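Read through the structure below, which is laid out as C-alpha cells, and then see the notes.
Owing to the predicted nature of the structure, the values given are computational and were not obtained by experimental measurement. Proteins get letters first, then strands, A, B, ... in listed order; numbering begins at 1 in each.
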There are 2 protein chains.
Amino acid sequence: MSERLIQSVERAADILELFLVTKPELSIKEISENLNLSKSTVHGIIKTLEHRGYLQQNPEDAKYRPGIKLFELGNFVGKHLDIGKVARPFIRELVDELNETVHLVSLQRDEVIYIEKVEGHSTLTIYSHIGKRAPFHSTGVGKSILAYLNENEANRILSSIKLESFTKHTMTNIEDIKEQLHSIREQGYAVDDEEIELGLKCIAAPIFNHQGNVIASISCAAPKMRLDENKLPKVIAGIKKAAAEISICLGYKGKHLIE
Amino acid sequence: MSERLIQSVERAADILELFLVTKPELSIKEISENLNLSKSTVHGIIKTLEHRGYLQQNPEDAKYRPGIKLFELGNFVGKHLDIGKVARPFIRELVDELNETVHLVSLQRDEVIYIEKVEGHSTLTIYSHIGKRAPFHSTGVGKSILAYLNENEANRILSSIKLESFTKHTMTNIEDIKEQLHSIREQGYAVDDEEIELGLKCIAAPIFNHQGNVIASISCAAPKMRLDENKLPKVIAGIKKAAAEISICLGYKGKHLIE
DNA sequence: GAATGCCATTCGGTAATGCCGAATAAAAGG
DNA sequence: CCTTTTATTCGGCATTACCGAATGGCATTC
C-alpha cells in the first residue's frame with residue numbers, strides 16, 4: 001500500500017466535496033477554515049477550478065459555488081452507468097403497473113447512491129434524491145443490499161457507519177439489524193417501514209450481476225397507508241420480478257430468482 | 001492577469017475532460033499519450049482521482065472511467081441551478097400544451113449547455129442531451145442567445161467557434177448568420193430548420209435575467225412535418241410566452257416581453 | 001510452457017512548484 | 001470617512017510532484 005497521492009488534487013477534491021456537506025455557496029475564508037488551509041493555498045486551487053468551470057464565482061458576494069463542468073461530467077457518468085441503461089425500461093414498466101414512485105440505487109465503493117427515480121402519477125413529489133447517498137440501515141434499498149453482501153463485507157460496513165436515527169422506527173441496534181438481514185434473505189425483499197421518514201414505506205429487492213454479486217437495488221416508495229393488504233402483495237411481487245429481470249439482463253444466472 | 005494556476009489540478013481536469021471528447025473508458029497509456037505526459041505522472045493523478053471516486057478502474061481491463069463522485073457533484077449542481085428551478089414548472093406546462101419536447105439551455109462561460117429536457121408524449125425519444133453543449137450556429141437556442149448578446153460578445157463568440165456543418169441546411173457563412181440574428185431580434189424567436197439534424201425543426205426564445213442580459217433559452221423540438229401551418233403559430237406563441245414568463249420570474253423588467 | 005510484448009505500477013533523485021505568511025487591494029458596513 | 005472584513009498578490013523556501021528507468025503482472029504466441 002504505497003499510495004502516492006497528489007496533495008493538491010486531493011485538496012481540490014476536498015474543496016468540491018465541502019459544498020456537498022455544508023452550503024451550496026462558500027467564501028474562500030469559510031473554505032480555508034473548514035479545511036485548515038491557508039487562504040492563499042485555497043485561493044490558488046479555487047482559481048484553477050474556476051478557470052476550468054468546476055467552480056464559479058458569484059459576482060454579487062464573491063463567493064464560490066460548484067460549476068457547470070461538474071454538471072457536464074456528472075451527466076456523462078449518468079449516461080454511461082450500465083445499470084441505469086439496463087434497468088430503466090423495467091422501472092418504467094413497473095411504475096406504470098404500480099403507479100407509485102420507484103427508485104434505483106447502485107452500490108459504489110461502500111456507498112449506496114440513488115441513480116434513478118421515476119415518479120408514479122398519483123404521488124406527491126418527494127424531494128428528489130438522485131446522486132445522493134442512501135443510508136444502509138434505514139432504507140429498503142440499503143438493507144436489501146446489505147443482506148446479500150457476503151457476511152464479512154456486511155459486517156465491515158455495518159460497523160463502519162453511524163447508525164443515525166431518523167424516526168422512532170429507525171433501527172439503531174446492530175444486532176437487530178443483522179437479524180433482520182436473515183429474514184430479508186428468506187423473503188427475497190426488504191421493507192423500510194417509516195424508518196427514514198414518518199408515513200413512508202418502501203419495498204426493495206436486490207439486483208445481481210453476472211458474477212452473482214449484489215450491485216444495486218430497486219424499491220417502491222409510497223405513503224404507508226396506501227400499501228394496504230390489497231396493494232402490498234402486488235408491490236412485493238412487482239419489485240421482486242423486476243429486480244430478477246434486471247439481474248438476468250445483466251447476465252445473472254443464480255438462484256435468487258423469482259420462482 | 002497573473003493567474004497562478006495549480007498545475008496538477010489542471011492536469012486532473014485535463015484527464016477528466018478527456019473522457020468527454022474521446023471514449024468513456026481509457027487506459028493510462030492512452031491518457032498519457034493524449035495529454036503528452038509521462039505514464040507515471042498520469043498514474044499518480046489517476047490514483048488520486050480514483051481514491052476519491054472521480055474515476056473508477058474496470059477490473060476486467062484495468063482501464064479507467066469517470067466515477068460516481070462526479071455523478072454526485074453533477075446532480076448537486078443541477079439541483080442548485082437557479083434557472084432550472086424557476087423554469088421547470090413553465091416548461092412542464094408548455095409540454096402539456098404542445099405535446100412536444102421542450103429543452104432548456106443555459107449560457108455558461110461562452111457555452112450553451114442543455115439543462116433540462118421534457119419530452120412530449122407523442123415524440124420519439126430523441127437522444128438525450130442533458131449536460132452537453134449546444135452549437136451556437138446550428139440550433140435555435142444557440143442563435144436566440146447570440147441574437148440578444150451585445151454585439152461585441154456575439155462577434156467574439158462567432159469568430160471563436162468552428163462553424164461545423166451538420167446537414168446541408170447548416171449555416172456556415174458568418175455574414176449570413178449575423179444577418180439572421182437581426183430577424184431573430186425582430187421576431188423575438190429563432191428557428192432551426194434542419195440545421196443540426198435532418199427532419200428536426202426547433203423554435204426557440206431567449207430568457208433574460210433581472211439585469212436584462214440573456215442567460216438562457218427554451219426551445220420546442222419536433223419533426224419538421226408536424227409543425228404545420230396549424231401548429232407552428234401555437235408553438236411560437238407558446239415558446240415566446242413561456243420564455244417571457246420565466247424572464248419575469250427572474251426579475252426581468254425589460255422590453256422583450258410578449259405584447 | 002517458455003518467451004515475448006504490452007501495459008500498469010513502483011522507485012529514486014531532482015528541479016520545479018505549490019505552500020505559507022505577510023502585504024496589499026478592494027469592498028462592505030457603520 | 002474610517003474601520004473591518006475578505007479577496008487577492010507576492011516572495012522565498014521546503015516540499016512535492018514530475019520524469020525516466022526499472023519492475024511486475026497478465027495475456028498471447030509459438
Side-chain angles (χ1 to χ4, degrees), chain A residues 1-19 22-67 69 80 109 210-211, chain B residues 1-19 22-69 109 210-211:
Chain A
M1 184 158 289
S2 57
E3 296 296 340
R4 288 172 80 60
L5 301 174
I6 307 303
Q7 191 182 58
S8 49
V9 174
E10 285 229 282
R11 286 174 171 177
D14 287 335
I15 291 173
L16 293 179
E17 291 162 34
L18 186 60
F19 291 92
T22 55
K23 300 180 288 181
E25 212 178 81
L26 293 167
S27 67
I28 288 197
K29 186 173 185 260
E30 289 170 316
I31 294 170
S32 62
E33 282 171 0
N34 259 288
L35 303 178
N36 278 101
L37 294 171
S38 75
K39 274 190 301 173
S40 44
T41 302
V42 171
H43 184 261
I45 296 171
I46 276 189
K47 280 298 161 190
T48 309
L49 291 172
E50 184 192 16
H51 180 243
R52 294 308 217 92
Y54 292 74
L55 290 177
Q56 67 183 113
Q57 191 172 29
N58 183 340
E60 311 260 314
D61 55 9
K63 292 190 174 187
Y64 295 85
R65 50 171 56 198
K69 188 68 114 261
H80 290 92
R109 327 168 69 240
H210 63 107
Q211 296 161 333
Chain B
M1 186 155 291
S2 57
E3 295 297 341
R4 289 173 80 59
L5 302 175
I6 309 295
Q7 191 183 57
S8 49
V9 174
E10 286 228 282
R11 287 174 170 175
D14 287 336
I15 291 173
L16 293 179
E17 290 163 32
L18 186 60
F19 291 92
T22 56
K23 300 181 287 180
E25 211 178 79
L26 293 167
S27 67
I28 288 198
K29 185 171 186 257
E30 290 171 315
I31 295 171
S32 62
E33 282 170 0
N34 259 289
L35 302 178
N36 277 101
L37 293 172
S38 75
K39 276 192 298 173
S40 45
T41 301
V42 171
H43 184 259
I45 296 171
I46 276 190
K47 280 297 162 191
T48 309
L49 291 172
E50 184 193 18
H51 181 242
R52 294 307 218 93
Y54 292 74
L55 290 177
Q56 66 182 111
Q57 191 172 27
N58 184 340
E60 311 260 317
D61 55 8
K63 292 191 173 186
Y64 294 84
R65 51 169 58 196
I68 204 72
K69 187 67 115 264
R109 328 168 67 240
H210 63 106
Q211 297 161 332

From A:I15, A:L55, A:V42, A:I31, residue fulfilling side-chain contact (heavy atoms from CB on, under 4.5 Å) relative to A:L26: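 For A:L26, the side-chain contact (heavy atoms from CB on, under 4.5 Å) check succeeds only for A:I31.
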
Nucleotide nearest B:K39 (side chain, heavy atoms from C-beta), chosen from C:dA8, D:dA17, C:dC19: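 The closest nucleotide is C:dA8.
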
Once you round it to whole Å, what is the distance between [atom2] of [N] and [atom1] of [X]?
X: A:K29; N: C:dA25; atom1: NZ; atom2: P; result: 22 Å
X: A:E30; N: D:dT5; atom1: CD; atom2: P; result: 15 Å
X: A:E33; N: D:dT5; atom1: CD; atom2: P; result: 12 Å
X: B:K63; N: D:dA27; atom1: NZ; atom2: C1'; result: 15 Å
X: B:L37; N: C:dA16; atom1: CG; atom2: P; result: 17 Å
X: B:L5; N: D:dT8; atom1: CG; atom2: C1'; result: 14 Å
X: A:Y64; N: D:dT8; atom1: OH; atom2: P; result: 4 Å
X: B:I46; N: C:dA8; atom1: CD1; atom2: C1'; result: 10 Å

Verdict with reasoning, B:Y64 to B:E30, per side-chain contact (heavy atoms from CB on, under 4.5 Å): CA-CA 10 Å; B:Y64 294 84; B:E30 290 171 315; over 6 Å; no

Heavy-atom side-chain proximity of B:Q57 to B:E50 below 4.5 angstrom: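 Sidechains of B:E50 and B:Q57: in contact.
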
Phosphate-side-chain proximity, B:H43 and C:dA8, N/O vs OP1/OP2 below 4.0 Å: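 No, no such contact exists.
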
Short side-chain N/O contact from B:R11 to OP1 or OP2 of D:dC18, under 4.0 Å: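 True: B:R11 side-chain N/O within range (under 4.0 Å) of D:dC18 OP1/OP2.
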
Donor-acceptor pair present, A:S40 side chain and C:dG21 base, under 3.5 Å: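 When only heavy-atom distances are counted, A:S40 does reach the base of C:dG21 through a donor-acceptor pair under 3.5 Å.
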
Sugar-phosphate only, base, or nothing, as touched by B:Q57 at under 4.0 Å among non-hydrogen atoms: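 Since only primed, P, OP1 and OP2 atoms lie under 4.0 Å of B:Q57, the category is sugar-phosphate.
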
5′-ward residue of the pair A:Q7/A:D61 relative to DNA chain C: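 Here A:Q7 is the residue nearer the 5' end.
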
